[in-house]
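Below, chain A is the first sequence line, B the second, and so on; all start at residue 1.
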Amino acid sequence: MNPNFHFEITHTDGKARTGILHTPHGDVETPIFMPVGTQATVKFLSPEELKEMNAGIVLANTYHLWLRPGTDIVKRAGGVHEFMQYDRPMLTDSGGFQVFSFADNRKITEEGVHFRSHIDGSPCFMSPEISIEAQNDIGADFIMSFDECPGYPSTREYMEQSVERTLRWAKRGKDAHKNPNQALFGIVQGGEYEDLRRHSARELVKMGFDGYSIGGTSVGEDKPTMYRMMDYAVAELPEEAVKYLMGVGSKDAILEGVARGIDMFDCVLPTRIARHGTLMTSQGRVNIKNAKYADDFTPIDPECDCYACRHYTRAYVHHLIKENEGFGMRLLSIHNLRFLIHFMEEIRSAIKEDRFAEFKAEEFRKMERANIAHRGF
RNA sequence: GGGGAGGUAGCGAAGUGGCUAAACGCGGCUGACUGUAACUCAGCUCUCUCCGAGUUCGGCAGUUCGAAUCUGCCCCUCCCCA
């Protein structure tokens, strides 16, 4: 186990729990939602803005930084924290998800993945060792095993061999990991197959990681299936281990995750839909581009305390987004992230007060009323 | 006054006898987005009693089986020279 990293569970309420992640860049409370900053920046936002919204861990992506500017540059800059001037904890994804999203032009072998750069089409090769070494150079507090994230649905035969390969890759990555200041997570795969999920989790636990991620969710499956995937994985993971549900950022899935003992969530959803003009609000989803907001001089979300809601009207943001102004994307990104971060604060309070089940039920009722229950955000 | 160019759907702009309600772009409207190839993508955008029909391509009158496309006249715009 890593001496520079410690997960402390502070309170439990059923399977839901609050905790503190102690890292070389300070402590953060869990359950936590982590904004995604793929290219060492949360698109349109400054580190100051992230801090003001009470962001904790921020993600960056190994694949992207490896291609540009090159992980050697990040290393020479003094690591990603110094490079992007964010002094709170960070996490890098391994590039495994890109293996999934580049499905059209990649070739998976035992050694690793051959694919073409999305920038210039040049041939690239990523392996567990290369990914871990790159992540060591980037220097985030949390790093991920290089995994394959199969799409949904995948045949059982495919998933069986994929899970085995990802387990072998996890072992190779663990052996390659050299930086004691970085917590390395194993990633549970296995699709919707219970025995494969359980097997994947069990084998990772045997290898012993600093934390465990649940991958292969939100890749096309329906919600009940996603929740079953969580159930299968969590069933084989130690109670005390920190658990991370990768790529999930809708309210319903976060609530279901927390209810199962998940501690960490990340998602591009709030920032992406913000750039595209959609707001998550206490009243449900708002597409600010709609003509009806052109003369709506009320706050973005009357119940929100974010910078955008404190200062600007829907009419103004409507105008900015219609005009494709960066400031509009920034304001909406600030709002959506703060909305989810605040949501996590409420979840933590509910857990600490032993009323998470009621909180969760009420949140689902609210989603029903806002007519977003079918989507979850 | 002389010479030249041109008027196509909200705007710009293709089309120069049938396959054209009319390419494409913009604008407009709506939707999507879950470990970010995503300031992206998709649909709709003449009218209606809208799974079928009706009116269109400056105007009017013609030629033709058939015209936004050809002919005549008229109206309007822009450019150059006086």
Side-chain angles (χ1 to χ4, degrees), chain A residues 33-45 57-65 67-68 91-106 115-122 124 131 135 140 142-150 152 185 187-189 213-223 226 244-254 256-257 262 264-280 285-294 318 320-333 336 340 374-377:
Chain A
F33 176 79
M34 308 179 286
V36 180
T38 303
Q39 315 244 39
T41 173
V42 177
K43 296 185 191 298
F44 288 94
L45 302 187
I57 302 167
V58 167
L59 263 68
N61 188 279
T62 305
Y63 163 79
H64 295 269
L65 296 179
L67 282 187
R68 268 198 317 217
L91 181 154
T92 42
D93 184 29
S94 60
F97 185 73
Q98 278 62 46
V99 177
F100 159 69
S101 46
F102 297 162
D104 288 341
N105 60 11
R106 48 100 159 123
F115 57 95
R116 294 199 169 268
S117 158
H118 73 275
I119 297 169
D120 61 5
S122 59
C124 300
S131 173
Q135 293 187 79
F142 302 90
I143 67 175
M144 296 297 121
S145 293
F146 184 65
D147 64 331
E148 182 194 352
C149 177
Y152 179 87
F185 281 38
I187 302 179
V188 179
Q189 290 289 352
S213 303
I214 299 171
T217 55
S218 274
V219 290
E221 78 283 10
D222 57 27
K223 290 283 168 67
M226 184 203 291
Y244 165 25
L245 181 60
M246 306 183 83
V248 170
S250 57
K251 285 174 72 172
D252 58 351
I254 288 173
E256 293 294 349
I262 305 289
M264 304 162 71
F265 303 85
D266 80 284
C267 200
V268 304
L269 190 64
T271 44
R272 178 179 294 166
I273 68 176
R275 272 176 273 123
H276 298 168
T278 301
L279 291 157
M280 296 172 167
R285 153 190 281 239
V286 167
N287 186 341
I288 203 69
K289 284 190 285 195
N290 287 174
K292 63 185 171 186
Y293 298 116
H318 167 87
L320 293 181
I321 293 293
K322 293 286 283 187
E323 289 303 313
N324 205 27
E325 285 289 346
F327 189 52
M329 298 183 197
R330 172 203 229 91
L331 289 176
L332 293 206
S333 295
N336 279 352
L340 275 186
H374 60 293
R375 191 186 278 107
F377 63 91

Practice task
List in chain and number order the residues that pass ring pair (Phe, Tyr, Trp, His ring centres under 6.0 Å) with A/Tyr63, two or more places apart in sequence or in another chain; answer none if no residue qualifies.
Solution key: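 Here the qualifying residues are A/Phe102, A/Phe115, A/His118.
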
[X]: what forms a side chain to side chain donor-acceptor pair (under 3.5 Å) with it, not counting sequence neighbours?
X        : result
A/Ser250 : A/Asp252
A/Ser213 : none
A/Lys251 : A/Glu363

How far, in whole Å, is [M] from [N] if one measures between their [atom1] atoms?
N      : M      : atom1 : answer
B/rU77 : B/rC39 : C1'   : 39 Å
B/rG43 : B/rU8  : C1'   : 25 Å
B/rU20 : B/rU71 : P     : 24 Å
B/rU56 : B/rU69 : C1'   : 14 Å

Handout entry: Interatomic distance, A/Glu323 CD vs B/rC26 C1' [rounded to whole Å]
Key =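 Computing the A/Glu323:CD to B/rC26:C1' distance gives 13 Å.
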
Completion exercise
For nucleotides 33-40 of chain B, 5' to 3', base contacts (B), sugar-phosphate-only contacts (S) and non-contacts (-) with protein non-hydrogen atoms under 4.0 Å give BBBBBBBB

Problem - For A/Asn336 against A/Thr278, the heavy-atom pair lying closest together - result: ND2-O, 3.0 Å

Result block: side-chain N/O donor-acceptor pairs under 3.5 angstrom for residues 320-329 of chain A, not counting sequence neighbours:
none

